[in-house]
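Reviewing the structure listed below.
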Amino acid sequence: MSKPRDRIIMLFDLDYFYAQVEEIKNPAIRNKPVLVCVYSGRTQNSGVVSTANYIARSYGVRSGMPIVLAKRKLKDIDSVFLPVDHDNYKSASDRVMAILKGHADTLEQVGIDEAYMEVTAKAGGEYARARELAVAAKKEVLEREGLTASIGIGPNKLVAKVAADANKPDGITLVRPEEVLAFLFPLPVDRLMGVGKKTGEKLEAMGVRTIGELAAVSVQRLREEFGDSLGTFLHNASKGMDEEVVHERGDADSISRIATLKEDTRDLGAISAVTDVLCAEVHERLRQRRLSFRAVGVVAIMRDLSIQTRSKTLSEPTDDLAVLRRTTVELIEKLLKESNKYVRRAGVKVSGLVAEKRTQRSLTSFFQ
DNA sequence: GTATGCTTTCGGC
DNA sequence: TTACGGCCGAAAGCATAC
């Protein structure tokens, strides 16, 4: 068994990304609360805040907050509400990621505004040099794109991620291996990636609030409470141990579209009318990437915001829009049969994506 | 028992 | 007091094959 060499990993995280891109596009809004929103189209202000700048956050506005609630928090404050402009954010993101590649051994983009950077070789294994790389990356992104970012540096992805969150916006946080425990222990457990609402509440009930308190619980106890997988993960994470490798990611391996219905309904025809459009949009994206799909999934977000999904794997891949539509309707029908709730939003997803083979047309269809 | 595949849920951004 | 998007990947949970 060979011992893996010590790694140095950075997490690069663009600050309040969508809102920051909007500030660059229109600098006049920079000194006001800026909220980039997803408008669902159901009523004038139905939808949620996707990203808010730090001025808006100082009034209590948060990502995922209903727009109407954000409006209430900003009553009588001169604020800017903008709809998402995904194409613009994507092109800014692409340019930033291209810059980051030049500062890393390996770049793993996560979402539109974050990337893990393995810098072990580039930094020669030295944290002081890793910091210089972080400074250089931030400088180049600021000079070329006008965007600030926050960076965490540590011995693995888990520590790098927590470190990046420790000093935002426009910060660099470096945690050397010998500093990991002192850095993590005072922090609340939910700062660990993988500890969300559910796990956080369960830990709270066990009297565990901080990462240090989590580290004091035996791995046996954690495995009893959370199962082998999550229990082992929590134990390792509490001590800042993580072996996840930084790997470049290819294109997404699923394509999905979802939309909010004009009104809640259980009518198959009304829902199909919407999913037919979503299917066509998914199909267009498949066509652009020259892909066939082998699995189809539907999702329904019900009136009470609970989520139901159904999916079906086909016997062989296809690129046929009619098959996509038919399968979607079939799955929605099944879902409605198995739930009595009203549907608020409906979505379609294809997965099992494979490079399109030359479509083998049957003799009958060939002669038709 | 282990490996693999499929469906559904969870949760980050 | 309520309020409420659109993506994505990972993992859980279960079934089947060997």
Side-chain angles (χ1 to χ4, degrees), chain A residues 11 13-19 35-52 61-73 83-86 89-90 93 108-116 157 161-162 164-165 168 190-202 226-234 244 247 249-261 264 278 281-282 285 294-315 331 334-335 338-339 344-353:
Chain A
L11 179 73
D13 186 355
L14 288 158
D15 297 321
Y16 64 103
F17 180 52
Y18 292 2
L35 293 77
V36 178
C37 302
V38 183
Y39 291 94
S40 71
R42 173 170 281 213
T43 64
Q44 177 81 357
N45 283 323
S46 76
V48 298
V49 177
S50 182
T51 314
V61 173
R62 296 289 178 268
S63 290
M65 178 178 278
I67 294 164
V68 283
L69 179 49
K71 293 230 155 162
R72 187 164 319 162
K73 299 232 176 223
V84 287
D85 177 5
H86 189 265
Y89 313 146
K90 178 68 165 67
S93 168
E108 177 182 354
Q109 188 176 340
V110 182
I112 197 169
D113 65 347
E114 283 187 27
Y116 287 99
K157 287 165 84 168
K161 172 75 178 164
V162 178
D165 284 335
K168 284 182 165 185
D190 60 8
R191 298 285 278 276
L192 294 171
M193 175 100 86
V195 180
K197 189 165 179 286
K198 249 183 109 177
T199 306
E201 283 171 3
K202 205 161 157 187
F226 297 97
D228 284 359
S229 174
L230 182 56
T232 304
F233 166 80
L234 289 171
E244 287 299 309
H247 59 273
R249 295 195 189 182
D251 292 333
D253 47 33
S254 69
I255 296 173
S256 62
R257 284 283 290 123
I258 184 169
T260 301
L261 307 178
D264 299 353
L278 300 178
E281 291 169 355
V282 166
R285 285 171 60 191
R294 202 163 85 82
V296 179
V298 300
V299 58
I301 289 88
M302 312 313 246
R303 176 176 276 165
D304 64 357
L305 302 184
S306 63
I307 299 170
Q308 287 269 301
T309 63
R310 295 292 181 275
S311 65
K312 181 178 177 179
T313 298
L314 309 174
S315 54
L331 290 167
K334 170 170 147 136
L335 189 151
E338 291 165 7
S339 168
R344 178 185 179 90
R345 301 161 62 202
V348 180
K349 174 172 85 169
V350 292
S351 55
L353 305 181

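Reminder, nothing fancy here: chain letters follow the sequence lines and each chain counts from 1.
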Take nucleotides 5-13 of chain B nucleotide by nucleotide from the 5' end and write B, S or -, depending on whether a protein heavy atom sits under 4.0 Å from the base, only from the sugar-phosphate, or from neither. -SSBBSSSS
List the protein contact pattern of nucleotides 11-18 of chain C with one symbol per nucleotide (5' to 3'): B for base contact, S for sugar-phosphate-only contact, - for none; contact means a heavy-atom distance under 4.0 Å. -S------
If you round to the nearest 0.5 Å, how far is CE of A:Met65 from NZ of A:Lys73? 5.0 Å
Residues in ring-ring contact (aromatic ring centres under 6.0 Å, His included) contact with A:Tyr18, at least two apart in sequence or another chain: A:Tyr89
Between [N] atom [atom2] and [X] atom [atom1], what is the distance in whole Å?
X        : N      : atom1 : atom2 : answer
A:Ile258 : C:dG9  : CD1   : C1'   : 16 Å
A:Ile301 : C:dG5  : CD1   : P     : 9 Å
A:Glu108 : C:dC8  : CD    : C1'   : 13 Å
A:Phe233 : C:dA10 : CZ    : C1'   : 11 Å

By side chain to side chain donor-acceptor pair (under 3.5 Å), which residues pair with [X], not counting sequence neighbours?
X        : value
A:Ser46  : A:Ser40
A:Glu244 : none
A:Tyr16  : A:Glu23
A:Thr260 : none

So, using side-chain contact (heavy atoms from CB on, under 4.5 Å) as the criterion, who are the partners of [X] when residues are at least two apart?
X        : answer
A:Leu230 : A:Thr199, A:Phe226, A:Phe233, A:Leu234
A:Glu114 : A:Leu11, A:Asp13, A:Val110, A:Lys161
A:Thr309 : A:Val299, A:Ile307

Selection residues 36-48 of chain A - residue pairs positive for salt bridge (Lys or Arg N to Asp or Glu O under 4.0 Å), sequence neighbours left out: A:Arg42-A:Asp264
Test your reading of the model: is there a side-chain donor-acceptor pair from A:Ser63 to the backbone of A:Ser50, 3.5 Å cut-off? yes
Can you give me the N/O atom pairs linking the protein to nucleotides 2-4 of chain C at distances under 3.5 Å, or say none if there are none?
from  : atom 1 : to      : atom 2 : distance (Å)
C:dT2 : O4     : A:Arg72 : NH1    : 2.5
C:dT2 : O4     : A:Arg72 : NH2    : 2.8
C:dA3 : N1     : A:Arg72 : NH1    : 2.4
C:dA3 : N1     : A:Arg72 : NH2    : 3.3

Looking across every strand, which nucleic acid part, if any, lies under 4.0 Å from A:Ser254 by heavy atom: base, sugar-phosphate, or nothing? sugar-phosphate
Which sits closer to the 5' end of DNA chain C, A:Ser50 or A:Ile255, going by the nucleotide each is nearest to? A:Ser50
